[in-house]
Amino acid sequence: MSVATLTEIEERHSREAIEAEIVRLNERARELQSGTITPEQFRPFRLKHGTYGQRQPGISDVTR
């Protein structure tokens, strides 16, 4: 792996980058809860960030 690649990876996983992702996730979740965006609009965002819905009988998942 090149030094440039390592630097890019380190930047994406810096404390600041992770905190910014958490803030963005909270913003998008609030938009979903308030009805500003639909579950269909939220789905690509949540999947990109590794948040998957429950698929068990009796478990409600509004983001599916």
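Atoms considered below: every heavy atom in the structure, side chains included; atoms not considered: hydrogens, waters and symmetry mates.
Here the CZ atom belonging to Arg28 is positioned 4.0 Å from the CD1 atom belonging to Ile37, to the nearest 0.5 angstrom. Between the CZ atom in Phe42 and the OG1 atom in Thr51 there is a gap of 6.5 Å [rounded to 0.5 Å].
A chain of hydrophobic side-chain contacts below 4.5 Å, direct or via other Ile, Leu, Val, Met, Phe, Trp or Tyr residues, connects Leu25 to Leu32.
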Next item on the list: Could you please spell out the steps behind the side-chain contact (heavy atoms from CB on, under 4.5 Å) verdict for Arg30 and Asn26?
Entry: CA-CA 6 Å; Arg30 279 195 294 276; Asn26 285 330; 3.7 Å; yes
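Looking at His13 and Ile9, their side chains come closer than 4.5 Å, going by heavy atoms from C-beta outward.
The pair Glu21-Arg24 fails the salt-bridge criterion, with no side-chain N (NZ, NE, NH1 or NH2) lying under 4.0 Å from an Asp/Glu carboxylate O.
If you run side-chain contact (heavy atoms from CB on, under 4.5 Å) between Phe45 and each of His49, Arg43, Gln41, only His49 comes through.
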